[in-house]
Amino acid sequence: MEMKLTIRRVPTVVSNYQEDSAAAGGCGRNCLGDCCLPVSKLPLYAFNANPQEDAPAKPLVNLLLTEWENRMARGLFRYDVTACETKVIPGNLGFVAQLNEGRHLKKRPTEFRVDRVLQPFDPAKFNFTKVGQEEVLFQFENGGSDDSYFVESAPIPEDRAPNVVAINVSPIEYGHVLLIPRVLDQLPQRIDQESFLLALQMAAEAASPYFRLGYNSLGAFATINHLHFQAYYLSVPFPVEKAATQKIPLAEDNMKSGVNVSKLINYPVRGLVFEGGNTLNDLANVVSNACIWLQDNNVPYNVLISDCGKRIFLFPQCYAEKQALGEVSQELLDTQVNPAVWEISGHIVLKRRNDYEEASELSAWELLAEVSLSEERFEEVKAYIFNAAGLVQSDEAEEEVSDGEDTTYAPVPVRPLPVTEGCLVLQ
C-alpha cells in the first residue's frame with residue numbers, strides 16, 4: 001500500500017530575480033560579492049559549538065523553515081515545490097518518489113566538466129557571490145558562548161568571510177537550503193576539515209532527525225563549482241538510514257577517536273557509514289580525510305549527514321563515467337534522473353509522470369545499482385580511504401549484519417554490475 005506524503009503549502013510566485021538576463025550584469029542589486037556584502041548587515045544565527053547532552057531544544061529548524069516560507073511567499077523560487085506529488089513506494093526500504101516535471105527545465109545548467117572532481121573556481125561562471133541578499137536566511141557562525149542565539153541584523157565579520165544559509169531556488173523539498181562556507185573566499189566545490197565540521201555543527205544544531213545535509217562532488221552531480229552543502233526537512237526516514245550495515249573491526253589504536261565504521265549491506269549503492277567519535281571534531285576529521293583522498297584522486301562521491309550529525313554515509317560513485325562510456329541503458333537515461341546524494345539516499349525526484357506512477361522498489365534498485373562501484377573496486381577504494389583517514393582494519397572477522405530498527409530486509413534481484421576500471425583514476 002502506497003503512503004501519500006503531505007506537506008504545508010503556501011502560495012508562491014516565480015521571482016523575476018530568477019530570470020537569466022544580461023541586463024542585470026555587474027552588481028545590479030545587493031549581492032553576496034565583495035562589492036556589496038562587506039558593508040551589509042544580515043540576520044545571524046550564532047550556534048554553540050560545544051552543546052551539552054541535556055541542552056534545551058534549539059530554534060534552528062523552526063527559524064529556518066519560517067524564513068524559508070517567507071522567501072517562498074515573496075516569490076523567490078523558480079517553481080512551487082509544495083505542489084509536487086510525493087509518495088512512499090511500497091517495499092522493504094520505502095523509497096520516496098517525487099514528481100517534479102519542471103525542475104530539469106528550470107534548474108541552472110552545469111557549466112563545467114563532469115570528468116574532473118577538482119576544478120579551479122571560475123568567477124566568470126555562476127557562483128554564490130552573484131546571489132541576491134534577499135535569498136539569504138542568515139549567517140551561521142560559532143557564537144563562542146554557552147547558548148545559541150539569533151540576531152535579526154548583524155554586520156559581516158571584518159576578519160573572515162561569513163558562512164551563510166540561503167534558499168535553493170530550485171528546491172526538491174520543503175525547506176531546501178544551501179550552507180555556503182566562507183562565501184567571499186570563493187572556494188571551489190571541495191571538502192576540507194573546517195567546512196565539513198561546519199556542516200556537522202549545523203546538523204547537530206538542528207537537533208532533528210528529519211533535517212539532513214548532503215554534499216555532491218563535481219562528477220557526482222554537483223551543478224555549481226562553489227563550495228556548498230545542501231539541506232532540507234523530510235519527516236520520513238530515508239531508505240539508506242534503514243538499511244542493514246556490517247561493522248568493520250578496527251585495530252585498537254584506531255579506537256581513540258571513538259569513530260566506528262560500517263559498510264552498507266543489501267542496499268543498491270555500496271557505501272561506508274561513519275558513526276560516533278569522542279567529539280564532533282573527531283568524526284569530522286576522519287570523514288573529511290576520506291573525502292579529501294577521494295577528490296584528490298578523482299573519484300566522484302556523495303555524502304549524507306544524518307541523525308543530527310552523528311551518522312555519515314559516504315558513497316564513491318561512477319554513474320557519470322558510465323554515461324560517458326555508454327554503459328547506462330537508454331531506458332535509464334530517458335528518465336533524466338541524475339543520481340546525486342538525495343537520490344542515492346532513497347529520495348528520488350522523477351521528471352515524467354509515467355515514471356512516477358510506475359515507480360517500484362525494483363525500478364529504484366535498478367537505477368541506483370548503476371551508481372555503485374563494483375565490489376572489487378569498492379574494496380580497493382575502501383582500502384585507500386582507510387589509509388587516508390588513519391584507520392586500520394583489524395584481523396578479526398567482520399561483525400554480523402546490523403539491521404535498522406524495526407526493519408526487515410529481503411534481497412531484490414538486480415543484474416550484476418559491470419566492472420569499470422575508470423571508476424578509480426589515480427593521479
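- For the pair V114/L218, no side-chain contact is recorded, criterion being any heavy-atom separation below 4.5 Å from C-beta on.
- The main-chain N or O of K125 is found under 3.5 Å from a side-chain atom of K130 such that the two form a donor-acceptor pair.
- Counting heavy atoms from C-beta outward, L44 and F150 have side chains that stay 4.5 Å or more apart.
- How far CG of L37 is from CD of Q133: 5.5 Å, rounded to the nearest 0.5 Å.
- In terms of heavy-atom proximity, A199 sits nearest to L213 at O-CD2, 3.8 Å.
- Checking side-chain atoms of N163 against main-chain N and O of F140 turns up a donor-acceptor pair under 3.5 Å.
- With hydrogens and angles left out, the side-chain atoms of Y45 and E141 include no donor and acceptor closer than 3.5 Å.
- Of the residues listed (V303, L272, V240), the one engaging F315 in a side-chain contact (heavy atoms from CB on, under 4.5 Å) is V240, and it is the only one.
- Under the 4.5 Å side-chain criterion, counting only non-hydrogen atoms from C-beta, H226 is not in contact with Q189.
- Side-chain contact, Q317 with S372: no donor N or O sits under 3.5 Å from an acceptor N or O.
- With hydrogens and angles left out, the side-chain atoms of E173 and W342 include no donor and acceptor closer than 3.5 Å.
- The pair K310-D307 fails the salt-bridge criterion, with no side-chain N (NZ, NE, NH1 or NH2) lying under 4.0 Å from an Asp/Glu carboxylate O.
- Residues Q193 and N289 bring a donor and an acceptor atom of their side chains to less than 3.5 Å of each other.
- Within the 3.5 Å criterion, the main-chain N or O of D115 finds no donor-acceptor partner in the side chain of E321.
- No donor-acceptor pair under 3.5 Å is formed between the side chain of R78 and the backbone N or O of V169.
- Atom OG of S148 is separated from atom CG of N48 by 5.5 Å, given to the nearest 0.5 angstrom.
- Note that CZ of F274 is 12.5 Å distant from CD1 of I305, once rounded to the nearest 0.5 Å.
- Without hydrogens or angle criteria, Q295 side chain to L118 main chain gives no donor-acceptor distance under 3.5 Å.
- With D185 contributing its side chain and L187 its backbone, the two residues share no donor-acceptor pair below 3.5 Å.
- In the model, E101 has no side-chain atom that pairs as donor or acceptor with a side-chain atom of Y356 under 3.5 Å.
- With Y267 contributing its side chain and A244 its backbone, the two residues share no donor-acceptor pair below 3.5 Å.
- E241 and R212 make their closest contact through OE1-NH2, 2.8 Å (heavy atoms, listed as atom of the first residue, atom of the second, distance).
- Residues L227 and P188 come closest through the heavy atom pair CB-O, 3.4 Å.
- Put simply, the side chain of Q98 gets close to the backbone of I172: a donor and an acceptor are under 3.5 Å apart.
- For the pair Y232 and F211, the minimum side-chain heavy-atom distance is 4.5 Å or more.
- Contact record, V151 with A154: CG1-CB, 4.3 Å, taken as the closest heavy-atom pair.
- Looking at heavy atoms from C-beta onward, K41 lies in side-chain contact with S153 at the 4.5 angstrom threshold.
- Shown are V269, V328, V337; of these, the side-chain contact (heavy atoms from CB on, under 4.5 Å) with Y319 is made only by V328.
- Atom-to-atom distance recorded for S195:OG and F229:CZ is 4.5 Å, nearest 0.5 angstrom.
- With ring centers used as reference points, Y215 lies under 6.0 Å from Y301.
- Put simply, the residue from R353, E357, R352, E358 that forms a side-chain contact (heavy atoms from CB on, under 4.5 Å) with D355 is R352.
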Exercise for the section: Go through the steps for K351 and D334 under the test salt bridge (charged side-chain N to carboxylate O under 4.0 Å, His left out), then give the verdict. Expected result: CA-CA 10 Å; K351 316 300 196 313; D334 288 344; over 6 Å; no
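- Between the side chain of H176 and the backbone N or O of Y174 there is no donor-acceptor pair closer than 3.5 Å.
- For L93 against A243, the heavy-atom pair with the smallest separation is CD2-CA, 4.2 Å.
- Nearest heavy atoms, E205 versus F47: OE1-CB, 3.4 Å.
- Looking only at atom types and distance, the side chain of Q186 has no donor-acceptor partner in the side chain of N127 under 3.5 Å away.
- A donor-acceptor pair under 3.5 Å is formed between the side chain of N225 and the backbone N or O of P120.
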